[in-house]
Amino acid sequence: MAGGRVYTVIDGDKCNGCGLCVAVCPTGTISMKGDKAVVTGDRSLACGHCAAVCPTGAAEVTALNEKNLDFKNFSLDRRWLPPGEFDAAALVRLMASRRSCRNFKDLPVDRSLLDDLVHVAVTAPSATNSQMWTFTVLSSREALLACGEGVIGFYRRLNGLAEKAFLRKLLRMAGKRDLDLYYREYLETVKEAIADWELRKKDRLFHGATAAIVIGSRKDAMSPREDAFLAAQNILLSAHALGLGSCLIGFAVEAMRRDRRIPRSLGIPDGETVEGFVALGHPRETYRLIVGRKEFVMRCV
Ligand SMILES: Cc1cc2nc3c(=O)[nH]c(=O)nc-3n(C[C@H](O)[C@H](O)[C@H](O)COP(=O)(O)O)c2cc1C
Ligand code: SF4
């Protein structure tokens, strides 16, 4: 099992010997020695399950920072919520009421809200609790416009390549179909979006968002994309709860992954990957209803 440096500390004076920390530890870091828990393993996820379960406050994981759960726009009730004790209908109503916003007001997003969204993001699970994600906050419309220039420039160049029939054919013959697919599925729409951006100052890329959070990953993360999208979903849901609209912008991620100059211009170092882009702002739309979803495949065996 994966695991890293051990940050677990047990206060022997406080320990009552209940063994709960041993039972919840996923890496066997803690054992019982007589009637006391002791750290015996040399690997740990630093997940904090021991500290969360300990009835006497004897277990601590020093790598975990309690301040990461301080929020500026609401106060968190830190008592653990047992399964079944949250209103499922309220939760699903929030999930289904979140919609991708494609029409933001020209209003800035309070910096404290952006801070809170990042703090909510990191409550997500991550592979082996690695928490290798990074968050780059674009806090103004100007920052988005500057980033957008880079993204639009990337697509202008990509369109130029995709329009070359011989290049598409060559790549097809080499078994590389991405440019062909792009040509058929996206070229015309992207061309229109570029013309809107450049000639009509209409923002079909970020939909007029006035803030954004770019989710990245530090080098050598095991599941960077999965971790980033779990964090992203936290941001999307809490943005809705905090009165903001949000939209994932895959087009920006693609451009930032392929043209390092764009993330570099945001201070994202070359060692980091870009995994997700959440545009944020105050939504113009109001909806009347939660609507259904497409038919899906579900199997039960
Ligand atoms: C990986 C991913 C990338 C996306 N990229 C974009 C994008 O570039 N622009 C956009 O307007 N919406 C984007 N979306 C939003 C989807 O179009 C949207 O989630 C979908 O239409 C369902 O609508 P809803 O989010 O309102 O439920 C993206 C969503 C995902 C999951
Ligand atoms: S959960 Fe706390 S009290 Fe119980 S054995 Fe572990 S450290 Fe001791």
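Quick note: residue numbers are just sequence positions, from 1. In each ligand, atom 1 is the first atom listed, and ligand 1 is the first ligand listed. If you're wondering where the values come from, they're calculated on a predicted model, not measured in any experiment.
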For ligand 1, output the ligand-protein N/O contacts shorter than 3.5 angstrom; if there are none, return none.
residue  : atom   : partner : partner atom : Å
ligand 1 : 5 (N)  : Leu248  : O            : 3.2
ligand 1 : 5 (N)  : Gly250  : N            : 2.8
ligand 1 : 8 (O)  : Gly250  : N            : 3.0
ligand 1 : 8 (O)  : Phe251  : N            : 3.3
ligand 1 : 11 (O) : Arg102  : NE           : 2.7
ligand 1 : 11 (O) : His207  : NE2          : 2.7
ligand 1 : 12 (N) : Arg102  : NH2          : 3.3
ligand 1 : 12 (N) : Leu248  : O            : 3.4
ligand 1 : 14 (N) : Leu248  : O            : 3.3
ligand 1 : 17 (O) : Arg102  : NH2          : 2.9
ligand 1 : 19 (O) : Ser100  : OG           : 3.3
ligand 1 : 25 (O) : Arg98   : NH1          : 2.9
ligand 1 : 25 (O) : Arg98   : NH2          : 3.2
ligand 1 : 25 (O) : Ser100  : N            : 3.4
ligand 1 : 25 (O) : Ser100  : OG           : 2.6
ligand 1 : 26 (O) : Arg99   : NE           : 2.9
ligand 1 : 26 (O) : Arg99   : NH2          : 3.3
ligand 1 : 26 (O) : Ser100  : N            : 2.8
ligand 1 : 27 (O) : Arg98   : NH2          : 3.1
ligand 1 : 27 (O) : Arg99   : NE           : 3.3
ligand 1 : 27 (O) : Arg99   : NH2          : 3.2
ligand 1 : 27 (O) : Arg293  : NH1          : 3.2
ligand 1 : 27 (O) : Arg293  : NH2          : 3.2

- For the pair Arg141 (side chain) and Pro108 (backbone), establish whether a donor and an acceptor sit closer than 3.5 Å, ignoring hydrogens and angles. no

- Mind checking what makes salt bridge (charged side-chain N to carboxylate O under 4.0 Å, His left out) contact with Asp13, not counting sequence neighbours? none

- Please work out which of the three classes, parallel, tilted or perpendicular, describes the rings of Phe71 and Phe74, given edges at 30° and 60°. parallel

- So, Arg98 side chain and Leu94 main chain: donor-acceptor pair closer than 3.5 Å or not? no

- Task: At a cut-off of 2.8 Å, list the protein N/O/S atoms near atom 4 (Fe) of ligand 2, residue plus atom name.
- Result: Cys18 SG

- Message: Quick check against the 3.5 Å criterion: does Asp259 have a side-chain atom that pairs as donor or acceptor with the backbone of Phe154?
- Response: no

- Note on the structure: Taken in chain and number order and not counting sequence neighbours, the residues that satisfy side chain to side chain donor-acceptor pair (under 3.5 Å) with Lys191 are Glu163

- Sidechain-backbone polar pair: His240 side chain, Leu236 backbone, donor-acceptor under 3.5 Å: no

- Ion pair check, Glu66 and Arg78, cut-off under 4.0 Å: yes

- Query: Does CZ in Arg177 sit with more than 12 non-hydrogen atoms of other residues, nucleotides or ligands closer than 6.0 Å?
  - Reply: no

